[in-house]
Amino acid sequence: MQPFVFQRANDPSAALQALAARGGTTPTEAPVQALAGGTTLIDLMKLDVMRPTTVVDINPLSSAWSQINLDGGNLRLGALARMADVAAHPEIQNAYPVVADALKLAASAQLRNMASLGGNVMQRTRCTYFRDISYGNCNKRNPGSGCAAMDGINRMHAVLGTSDQCIATYPGDFAQSLIALDGAVEITGGSGIRSIPFAQLHRQPGNSPQIETTLAPGELISGFTISGHWPRSVYLKARDRQSYEFALASAAVALDMQNGVVRDARLALGGVATVPWRAREAEGLLKGQKFDDALAGRVAEVAFSGAVPRKHNAFKIALGKRVVARALHQAATMEV
Ligand code: FAD
Ligand code: SF4
């Protein structure tokens, strides 16, 4: 780990001022980094993958930025709310089980106590070649250097949203619940606060895998919002072991049903794509239809129709389809 200057930001303007100096073409490469729970940033600094010269602790903003508000039909979550607090919130468990479960099934209890929602959605890929600087060829870490995963061990890598430059999986869970529920992300920067659909935050790798989000240098995520209630919703996650593990394949499902007929449906996939992945074409098959497991199977087929397998990860397509079908079944049959 290289030496760095540690600063504490006592209010949003101090944080923004410190981060405005960060320069760099992307927030993740910038020499000034915000520190929330530190559970990803410090890891990557120890590995020398991220080498900020200044780290700005934004935790003093917690009183303003860690609030959980259920106001009427809407939910607002502050970016510094801890994963554990949101997962354990009784009203979120009732009105948004997909959100509570996505958080509860992530990482470990200790990590969830430390880790913030903002840091969670900004976490970087777990691609082994990205996290090990002894591999020179990683387009995300060294643009233009190639991709060691393409012909390497790519069991954990993505089958959707990949490019010939990068096949790294987006690793988080919470993001799938946000994208499924049409969540929005509130971004605070030097020129004020803007809100964008969460679906517009992450970028597919294309020809520039090093640019992971649409956040501009100097901007911070201050919160997330979700409109409406989604009590009939589920997050299902398949992984190599039952806890403390990233998804091999996951599905966030939300249904609005009446008398067995689906009025509205949302489906997002995790563990299989380069970004939080909304399966819009597949979810469209459900609308207006009487739910049964045969329909769920067809939806799962369509969800993976564009998947591109590599040498070691073709199993994710079969697994992912089963996860989608089972998550749909669970959501359709749950008591609400
Ligand atoms: P930090 O480490 O403080 O920050 C991470 C990045 O986000 C930094 O670049 C930082 O500058 C930036 N950042 C932080 N806050 C903001 C903000 N408000 N605005 C803009 N940028 C910001 N996650 C899962 O989802 N599922 C899992 O199964 C899972 N398993 C894990 C297992 C292990 C062993 C570990 C170590 C982590 C695992 N994680 C998993 C990841 C974990 O959830 C993240 O490390 C955590 O959520 C990051 O939050 P943080 O507050 O600690 O972020
Ligand atoms: Fe780097 Fe992406 Fe290739 Fe992994 S998949 S080695 S992150 S370019």
Side-chain angles (χ1 to χ4, degrees), residues 12 15 19 22 26-30 32-45 49-50 52 55-59 61 65-66 78-83 102-108 110-132 135-152 154 156-158 162-177 185-189 201 205 209-210 212-213 215 218-224 237 239 243-247 250 270-271 274 276 310:
L19 292 166
R22 68 185 179 181
T26 70
T28 45
E29 290 172 333
V32 185
Q33 287 292 322
L35 176 85
T39 63
T40 282
L41 180 64
I42 303 299
D43 263 11
L44 291 172
M45 288 169 65
V49 171
M50 288 178 78
V55 171
V56 181
D57 179 6
I58 59 172
N59 287 290
L61 314 186
W65 283 17
S66 64
L80 283 172
R82 265 38 199 185
M83 293 169 72
L103 289 165
K104 207 164 35 191
L105 293 173
S108 65
Q110 290 90 338
L111 285 161
R112 293 192 295 273
N113 284 336
M114 279 299 288
S116 68
L117 301 184
N120 186 270
V121 301
M122 291 297 289
Q123 67 178 288
R124 308 193 69 190
T125 183
R126 310 300 288 195
C127 171
T128 316
Y129 305 104
F130 169 75
R131 290 172 64 88
D132 183 343
Y135 290 97
N137 45 343
C138 170
N139 286 323
K140 194 183 274 299
R141 196 164 24 77
N142 285 326
S145 61
C147 172
M150 216 59 91
D151 297 315
N154 44 41
M156 297 299 288
H157 287 73
T162 57
S163 73
D164 59 4
Q165 301 286 306
C166 180
I167 56 172
T169 306
Y170 171 78
D173 293 296
F174 171 55
Q176 273 67 251
S177 66
V185 55
E186 183 188 289
I187 296 168
T188 299
L201 181 66
Q210 75 279 14
E212 294 168 353
T213 70
L215 218 58
E219 288 186 322
L220 282 173
I221 295 173
S222 41
F224 305 92
K237 176 174 177 181
R239 44 190 163 167
S243 115
Y244 199 31
E245 188 55 280
F246 291 89
S250 69
T274 52
R310 309 280 159 177

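Atoms within each ligand, like the ligands themselves, are counted from 1 in listed order. All values below come from the heavy atoms of this structure, side chains included, with hydrogens, waters and symmetry mates left out. Just so it is clear, the structure is predicted and the values come from calculations on it, not from any experiment.
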N or O pair under 3.5 Å between Gly118 and ligand 1:
no
message: Has Asn59 got a side-chain atom pairing as donor or acceptor with Ala36's backbone, closer than 3.5 angstrom?
response: yes
Note to self: So is Arg239 touching ligand 1 or not, going by heavy atoms under 4.0 Å?
What the structure shows: no
Are the side chain of Asn142 and the backbone N or O of Gly136 linked by a donor-acceptor pair below 3.5 Å?
yes
Distance col, row Tyr170:OH vs Cys127:SG, nearest 0.5 angstrom, shows 16.0 Å
For this session: May I ask you to decide if Ala168's main-chain N or O and Thr274's side chain share a donor-acceptor pair within less than 3.5 Å?
Result: no
- If only atom types and distance count, is the side chain of Ser250 paired as donor or acceptor with the main-chain N or O of Gly270 below 3.5 Å? yes
So for Phe174 against ligand 1, with non-hydrogen atoms under 4.0 Å, the contacting part is neither
Thr39, any N or O under 3.5 Å of ligand 1 N or O
yes
Contact region, Lys237 to ligand 1, non-hydrogen atoms below 4.0 Å, reads side chain
Give a yes/no on ligand 1: does Arg112 have at least one heavy atom closer than 4.0 angstrom to it?
no
*asked:* Counting only nitrogen or oxygen atoms and a 3.5 angstrom limit, does Trp65 reach ligand 1?
replied: no
Under the 3.5 angstrom rule, does the side chain of Thr213 hit a backbone N or O of Met122 as a donor-acceptor pair? no
| request: Return yes if some donor-acceptor pair links the side-chain N/O of Arg126 with the main-chain N/O of Phe246 below 3.5 Å, else return no. | output: no
* Asked: Is Ser116 close to ligand 1, meaning an N/O of one under 3.5 Å from an N/O of the other?
  -> yes
Any N/O pair Ala107/ligand 1 closer than 3.5 Å = yes
| Under 3.5 Å: N/O of Ile221 near N/O of ligand 1 | yes
**Message:** Under 3.5 Å, is there a donor on one side chain and an acceptor on the other for Ser222 and Glu186?
**Reply:** yes
Interatomic distance, CH2@Trp65 vs OG1@Thr188, rounded to 0.5 Å, equals 4.5 Å
>> Considering both backbone and side-chain atoms of Gly172, is one of its nitrogen or oxygen atoms within less than 3.5 Å of a nitrogen or oxygen in ligand 1?
In response: no
Check for me whether Glu245 has a heavy atom closer than 4.0 Å to any atom of ligand 1.
yes
Worksheet item: Would you say the side-chain atoms of Arg310 pair up with the backbone N or O of Gly152, donor to acceptor, closer than 3.5 Å?
Response: no
Going by the 4.0 angstrom heavy-atom rule, the piece of Leu80 near ligand 1 is neither
Here the atoms of ligand 1 under 4.0 Å from any heavy atom belonging to Leu41 are 2 (O)
Under the criterion side-chain contact (heavy atoms from CB on, under 4.5 Å), I'd like the reasoning laid out for Ile58 against Leu80: C-alpha separation, chi angles, the key distance, then a yes or no. CA-CA 9 Å; Ile58 59 172; Leu80 283 172; 4.1 Å; yes
Checking heavy atoms under 4.0 Å, the part of Met83 that sits near ligand 1 is side chain
Sorted by chain and number, protein N/O/S atoms nearer to atom 4 (Fe) of ligand 2 than 2.8 Å are Cys127 SG
* To do: Would you check whether Asp43 has a nitrogen or oxygen atom less than 3.5 angstrom from a nitrogen or oxygen atom of ligand 1?
  => no
- Between Arg141 and Phe130, is there a donor-acceptor pair closer than 3.5 Å when you use the side chain of the first and the backbone of the second? yes
Value for CE (Met45) from CG (Leu35), rounded to nearest 0.5 Å, stands at 8.5 Å
Taken to the nearest 0.5 Å, the spacing of Gln110 CD from Ser108 OG works out to 4.5 Å
Task: Ionic contact status for Lys237 with Glu245, cut-off 4.0 Å - done: no
So is Gln165 in contact with ligand 2, going by heavy-atom distances below 4.0 Å? yes
Per-atom filter on ligand 1: closer than 4.0 angstrom to a heavy atom of Ala36 are 3 (O), 14 (C), 15 (N), 51 (O)
ask   = Donor-acceptor pair, Asn139 side chain versus Cys166 backbone, under 3.5 Å?
value = no
task = Could you tell me whether Tyr244 and ligand 1 have an N or O pair separated by under 3.5 Å?
result = no
Among Gly119, Gly38, Ala106, Ala15, closest by heavy atom to atom 3 (O) of ligand 1 is Gly38
> Is there a nitrogen or oxygen of Gly37 sitting under 3.5 Å from a nitrogen or oxygen of ligand 1?
Replying inline: yes
